[in-house]
Amino acid sequence: MTQDEMKRDAAWAALQFISKDSIVGVGTGSTVDHFINALASIKDKVRGAVSSSVQSTVKLQQLGITVLDLNDITELSIYVDGADEINAQKQMIKGGGAALTREKIVAAVAKTFVCIVDSSKQVELLGRFPLPIEVIPMASSYVSRELQKLGARPILRQGVITDNGNLIIDAHNLLISDALVLEQQLNNIVGVVTNGLFARRAADIVLIGSTNGTQVIK
Ligand code: 5RP
């Protein structure tokens, strides 16, 4: 079984958590692309989707799924998204696809976060995957210097402008023993829009695709 097939299995397994007439929060990435295909198969049963990126919005609309504005709804029962790393506490690193800010906003509104991953994303300690940090362009040098003080090796992601018109710095070499504390610490650096640690708002349910099928962790 390939990694992509494991992603697809986990993504389709998320359908069991979608209630009739619900609005579904939709993340971004290759695993979520499979989920959007799955969602299209039940599109008449849901009211629509709230999207976390232009990329997902385009695919949702191409498949005939109504995309709603987050500001027009007061409640979101479920958010389905992938991750770059996830630990046993269901804390994640996200942002490999540069959509972390909108992902964090939609995740914050949602009652239940369902994380869909293949087994390669499971880690004991977060941080081998460079932590994506969205920054206001004029602050990128300053933020990089502040990250160095925290022991990171910051690398500006070349050729990437986020959907919000900002830049991404990937923070390499961070040993993340306390994700909650580091998430807050990074948010406090002026010029940082969002960092890719999802510790304060961790996942509620994790679906892990592997060669033995998809495991559900609640
Ligand atoms: C995008 C993300 C993605 O969820 C993360 O990068 C995982 O992507 P993929 O499903 O392609 O492995 O956070 O910003």
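Model, not experiment: these values are computed from the prediction. Both ligands and their constituent atoms are indexed starting at 1 by order of listing.
- With ligand atoms numbered from 1 in the order given, ligand 1 contributes 2 (C), 13 (O), 14 (O) to contacts under 4.0 Å with heavy atoms of Gly95.
- Atom CZ of Arg128 has 12 or fewer neighbouring heavy atoms from other residues, nucleotides or ligands inside a 6.0 Å radius.
- With a 4.0 Å heavy-atom cut-off, ligand 1 is reached by no atom of Ser53.
- The protein atom (non-hydrogen) at minimum distance from atom 1 (C) of ligand 1 is Glu103 OE2, 3.1 Å.
- Taking atom 10 (O) of ligand 1 as the reference point, the nearest protein heavy-atom neighbour is Thr31 OG1, 2.6 Å.
- Among protein heavy atoms, atom 3 (C) of ligand 1 sits closest to Thr28 O, 3.2 Å.
- Counting heavy atoms under 4.0 Å from ligand 1, residue Asp81 touches it through the side chain alone.
- For ligand 1, the atoms sitting less than 4.0 Å from at least one non-hydrogen atom of Gly96 are 6 (O), 13 (O), 14 (O), numbered in the order shown with element in parentheses.
- Of all atoms in ligand 1, numbered sequentially from 1 with element shown, those under 4.0 Å from a heavy atom of Gly29 are 11 (O).
- Although no hydrogens or angles enter the test, the distance criterion places no donor-acceptor pair under 3.5 Å between the side chain of Glu85 and the main chain of Val123.
- What sits closest to atom 9 (P) of ligand 1 on the protein, heavy atoms only, is Ser30 OG, 3.3 Å.
- Salt-bridge annotation for Lys104 and Glu134: absent, with no side-chain N of the basic residue lying under 4.0 Å from a carboxylate O of the acidic one.
- Under the 4.0 Å criterion applied to side-chain N and carboxylate O atoms, Asp204 and Arg201 are assigned as salt-bridge partners.
- Thr31 places no side-chain N or O within 3.5 Å of a backbone atom of Lys7 that could act as its donor or acceptor partner.
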task: Just do the side-chain hydrogen bond (donor to acceptor under 3.5 Å, both in side chains) check on His34 and Asp4 with the steps written out, would you?
output: CA-CA 9 Å; His34 288 300; Asp4 193 55; 3.0 Å; yes

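- We find that Glu146 and Lys149 are joined by a salt bridge, their nearest charged nitrogen and carboxylate oxygen being less than 4.0 Å apart.
- In terms of protein heavy atoms, atom 5 (C) of ligand 1 is closest to Asp84 OD1, 3.2 Å.
- The distance from ligand 1 to the heavy atoms of Gly82 drops below 4.0 Å at these ligand atoms: 4 (O).
- Using a 4.0 Å cut-off between charged nitrogen and carboxylate oxygen, Asp170 and Arg157 count as a salt-bridge pair.
- Near Ala99, meaning under 4.0 Å from any of its heavy atoms, are these atoms of ligand 1: 14 (O).
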**OP:** Could you walk me through whether Gln3 and Ser120 pass the side-chain hydrogen bond (donor to acceptor under 3.5 Å, both in side chains) test, one step at a time?
**Re:** CA-CA 8 Å; Gln3 186 183 19; Ser120 72; 3.1 Å; yes

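- A donor-acceptor pair under 3.5 Å is absent between the side-chain atoms of Glu103 and the main chain of Asp81, judged by distance alone.
- Near Lys94, meaning under 4.0 Å from any of its heavy atoms, are these atoms of ligand 1: 2 (C), 3 (C), 4 (O), 13 (O).
- The closest protein non-hydrogen atom to atom 12 (O) of ligand 1 is Lys121 NZ, 2.7 Å.
- Val135 pairs with exactly one of Ser141, Ser140, Ser144, Pro154 by the side-chain contact (heavy atoms from CB on, under 4.5 Å) rule, that one being Ser140.
- When only interatomic distances are considered, the shortest N/O to N/O separation between Gly97 and ligand 1 falls below 3.5 Å.
- Residue-ligand proximity: Ala98 is placed with a non-hydrogen atom under 4.0 Å from ligand 1.
- Atoms of ligand 1 lying under 4.0 Å from any heavy atom of Lys7, numbered from 1 in the order shown and given with element: 9 (P), 11 (O), 12 (O).
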